[in-house]
**Student:** 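One structure coming up, written as structure tokens, with questions to follow.
These numbers come from a predicted model, not from an experiment.
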Amino acid sequence: MNVWIAIGITVVGCYALKLVGLLVPAGALERPLVQRLAALLPVALLAALTAQQTFSTGHELVLDARAAGLAAAGAALLLRAPFLVVVGAAVVVTAGVRALAG
């Protein structure tokens with residue numbers, strides 16, 4: 001398949017999805033269940049993106065320095081550290097594990 005055809009299909013699909021979102025009646029969006037799901041959706045997407053970026057390279061699962069950095073960030077979060085400390089801990093641990101691994 002030509003790359004430009006794939007890009008065109010993606011553009012049409014994205015536009016159609018956006019249009020469907022605009023056609024949803026306001027009453028359906030005001031239901032408590034829909035509002036709770038809408039509030040949780042960004043968290044779920046961010047967690048999925050984090051897991052995908054941490055534990056995969058292409059088409060295979062890996063356990064490398066990124067996992068150690070994520071564990072360090074999780075530990076810092078459990079200790080209620082400020083955001084910059086959480087990011088710094090993840091960076092330092094990831095770099096340290098990569099340096100030790102050679």
**Student:** Report yes if the side chains of L63 and F55 come closer than 4.5 Å at any heavy-atom pair, otherwise no.
**Tutor:** yes

**Student:** Test: side-chain hydrogen bond (donor to acceptor under 3.5 Å, both in side chains). Region: residues 37-55. Which pairs qualify, not counting sequence neighbours?
**Tutor:** Q52-S56

**Student:** Is it the case that one hydrophobic cluster holds both W4 and V11, taking links as side-chain heavy atoms less than 4.5 Å apart, direct or via other members?
**Tutor:** yes

**Student:** Enumerate donor-acceptor pairs with a distance under 3.5 Å from any side-chain N or O in residues 92-102 to protein atoms, sequence neighbours excluded.
**Tutor:**
| unit_1 | atom_1 | unit_2 | atom_2 | d |
| --- | --- | --- | --- | --- |
| T94 | OG1 | A90 | O | 2.7 |

**Student:** Could you report the tightest heavy-atom contact between V86 and A76, atom names first, then the distance?
**Tutor:** CG2-CB, 3.8 Å

**Student:** Scan residues 39-50 for pairs that pass salt bridge (Lys or Arg N to Asp or Glu O under 4.0 Å), counting only residues two or more places apart or in two chains.
**Tutor:** none

**Student:** Sorted by first residue and then second, give each side-chain hydrogen bond (donor to acceptor under 3.5 Å, both in side chains) pair with at least one member in residues 66-86; sequence neighbours left out.
**Tutor:** D64-R66

**Student:** Taking V12 as the starting point, is it possible to reach L17 by hopping between hydrophobic residues whose side chains are less than 4.5 Å apart?
**Tutor:** no

**Student:** Would you mind telling me which of L41, V34, L33 makes a side-chain contact (heavy atoms from CB on, under 4.5 Å) with L37?
**Tutor:** L33

**Student:** Sequence neighbours left out, what pairs pass side-chain hydrogen bond (donor to acceptor under 3.5 Å, both in side chains) with at least one residue falling in residues 12-38?
**Tutor:** none

**Student:** Who passes side-chain contact (heavy atoms from CB on, under 4.5 Å) against V85, sequence neighbours left out?
**Tutor:** A81, P82

